[in-house]
Amino acid sequence: MIELLRSRLRSSFRLRLTLGYVAVLAVLAVAWLASLFGPLTGAIKAQQQAHLATIARSYALALEYAAGSPQDFVERVAAPDLHVSVVAADGRVLGDNREPVASIPNQTGLPEVRAALDGQVGYDVRRSRTGEEHMYVAVPARYGGGPSAIRVSESLASVGALAAETRSAGLLGLALAIAVALFVTARLSSDAVAPIKRLTSAANAIAAGDLQQRVTRETGDLEVLSDALADLVRQVRARTRASEREQSNLRTVLDGLDDGVMLIDGDVVRLANGAMSQLFKMPFGGWRDRPLSRSGLPPTLLAAIRRSGDTGRTVQDIGPDPMGRTIRVTVVPVGIIEGAFRTLVVISDVSERARLDAVRRDFVANASHELKTPAAAIQLLAESAASAASDGEAEQALAFVAQMRAEADKLRTLVLDLLDLSRLEQTGRGEAVTDVREAIDLALSGHRPAAEAKSLVIGRDLRAVEDEDVYVAVEPTDVAVAFDNLLSNAINYTEAGGVVVRVSLSGDSIVAIEVSDTGVGIPADALPRVFERFFRVDKGRSRDSGGTGLGLSLVRHVVERNGGDVSIASEVGVGTTVTLLLPRAV
């Protein structure tokens, strides 16, 4: 029973509050009772004593001017319930309304009389000769021109009766007050606990995750607490929304990456972005909380992840795999979190980069080979020319020099193409625009002598844009490089017929430029590679015509650098058409 009560006390705030109020009431009741049974009687006695003193003083004033004897005076003025005596300076009783003066002994030994004869108000409480307890009050007086004292006394039985009556009324008032106080206590404790219960209920709901819980604004001392709790809810809501936005942003960023990202705790995948499902087949049920051994990732990739351990950031290329992909695995140890070693894994498909590296290596090798050929020819021709000159064969020496010049022109053309290619790859597109008509006219003017030397017709067809201004958002130098290479190829590989440049509009924002010839054409199996560097359909013929194998590669770079597109269509024995789609300048 005691343990149950203790448990209720610990768990019930209302019970504790009620008991606290009851304890305060008990203390007040005890204090009230103590005042009823102790100080109250003393207070009544003190009041009665002051009352008797006042009556005695009034009697003293009247005695000084009274006619007749003191006995006649006391009999005339004394109240029935009071015992009044007139005492002479020598202690003799001159008048008394209760006893014959002759039977009353000398009063000088009594403390109240002695004090009154000394000029002060005297008090005393004692039992009279009748056995009753009386209160005596004596004050100084004058009679017959000399000093005397008037003493007034009263039985304390009336004081006790008054005190008992007062105590009864006090006890009744106390009982009523306690009843009212208990009722008020119950109401106060209920009213005091109600807002606490509301706040507790709201706090429990918030702790359970209900952030839409409304917090009632309380009054009084709980106003600060309710306002703080409401403000806490607002802050938690704001922080939760911010956290959700952060998570959404993080997920958006991670899913927007082309690289696969995994966060691994120990041997368990905790997070994987969308790119992982594009790079590898996502296991049934998703990546989250799946052991690596059951993730379905390639064994070589799993081995690379496990080998990294906690040795620091590691980068390793794996492949090519059966699908021809080269995978770069970057493993970054994050540290030990909640007892598990955490690792961040970034997986990149670097197949295109590997292909470009191969292309770059091939380009360096091809460029070295292409540069070495004319350089070796020039060296050989120079030695031959020197030998012919020393033998006196001037005509032969001049022939060698002419061949040296032709090889030097090939070398110069190759170097210029390489410089153009380097410029197109490394510099950004400018803000200049180019008049297509003017660029075509300049290019045709430069190549017309070569075309006429082969009896080819070279011209332009602008009927589709006859009433239009045609400008493209491309650097004039870039347009010149593209047109120069296209016209040069068309003339070199055309033996009869001609070359024509056509311009049309594709919508409002694209300019289509076609360079068509009636040349030998390109085999269908070679078309996918014609834009590669140093690729030649007919290597022997290309070298004889002075081609470097970079012409169409330069055209492709010009178009792609300026946000356009290029395509080629060809038929062997019929001819070739190269189409450029360039952004129109508006």
Side-chain angles (χ1 to χ4, degrees), residues 31-170:
W32 179 255
L33 290 174
S35 68
L36 287 178
F37 289 94
L40 178 61
T41 302
I44 293 176
K45 286 183 177 181
Q47 183 179 5
Q48 189 65 15
Q49 181 176 291
H51 175 65
L52 293 178
T54 301
I55 293 175
R57 288 192 184 94
S58 63
Y59 287 168
L61 290 174
L63 177 64
E64 187 175 356
Y65 301 100
S69 66
Q71 183 66 36
D72 295 336
F73 173 77
V74 297
E75 290 178 354
R76 186 174 61 251
V77 301
D81 57 339
L82 296 179
H83 182 187
V84 181
S85 302
V86 178
V87 181
D90 57 1
R92 291 179 299 105
V93 178
L94 302 179
D96 190 283
N97 68 333
R98 293 284 179 88
E99 298 179 30
V101 295
S103 63
I104 300 174
N106 191 285
Q107 302 293 304
T108 53
L110 299 178
E112 72 278 6
V113 174
R114 192 165 53 250
L117 293 177
D118 290 339
Q120 298 177 359
V121 178
Y123 304 95
D124 193 19
V125 175
R126 62 181 180 276
R127 293 189 180 276
S128 64
R129 286 183 294 175
T130 61
E132 292 183 356
E133 192 174 30
H134 280 66
M135 175 182 289
Y136 296 89
V137 178
V139 298
R142 296 188 67 81
Y143 176 73
S148 62
I150 288 191
R151 180 179 63 192
V152 179
S153 67
E154 183 181 25
S155 173
L156 289 181
S158 60
V159 175
L162 180 61
E165 183 181 350
T166 304
R167 280 193 295 271
S168 298

Spacing of CZ belonging to Arg127 relative to NE2 belonging to His134, to within rounding of 0.5 Å: 11.0 Å
Just verifying a value: how many Å separate Arg151 CZ and Leu110 CG, rounded to the nearest 0.5 Å?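 With rounding to 0.5 Å, CZ (Arg151) is 6.0 Å from CG (Leu110).
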Nearest atoms (heavy-atom pairs only) where [X] meets [Y]:
X	Y	value
Pro80	Arg98	O-NH2, 3.2 Å
Ala79	Asn97	O-ND2, 4.1 Å
Ala149	Ala116	CB-CB, 3.7 Å
Ala89	Leu117	O-CD1, 3.7 Å
His83	Ser85	NE2-OG, 3.7 Å
Glu112	Tyr123	CB-N, 3.8 Å

Please name all residues satisfying side chain to side chain contact (heavy atoms under 4.5 Å, CB included) with Thr108, sequence neighbours left out, ordered by chain then number.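 So Thr108 forms a side chain to side chain contact (heavy atoms under 4.5 Å, CB included) with Asn106.
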Would the number of heavy atoms belonging to other residues, nucleotides or ligands and lying under 6.0 Å from CZ of Arg114 be above 12?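 Yes, because the 6.0 Å sphere around CZ of Arg114 holds more than 12 heavy atoms from other groups.
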For residues 66-76, which side-chain donor-acceptor pairs fall under 3.5 Å, sequence neighbours excluded?
unit_1	atom_1	unit_2	atom_2	d
Ser69	OG	Asp72	N	3.2
Ser69	OG	Asp72	OD2	3.1
Gln71	OE1	Asp96	N	3.0
Gln71	NE2	Glu75	OE2	2.8
Gln71	NE2	Asp96	O	2.8

Within-4.5 Å side-chain heavy-atom neighbours: Leu94 and Tyr143: yes
Anything under 3.5 Å between a donor and an acceptor, one on a side chain of residues 49-62, the other on a protein residue two or more places apart or in another chain? List them.
unit_1	atom_1	unit_2	atom_2	d
Thr54	OG1	Ala50	O	2.9
Ser58	OG	Ile55	O	2.5
Tyr59	OH	Val77	O	3.1

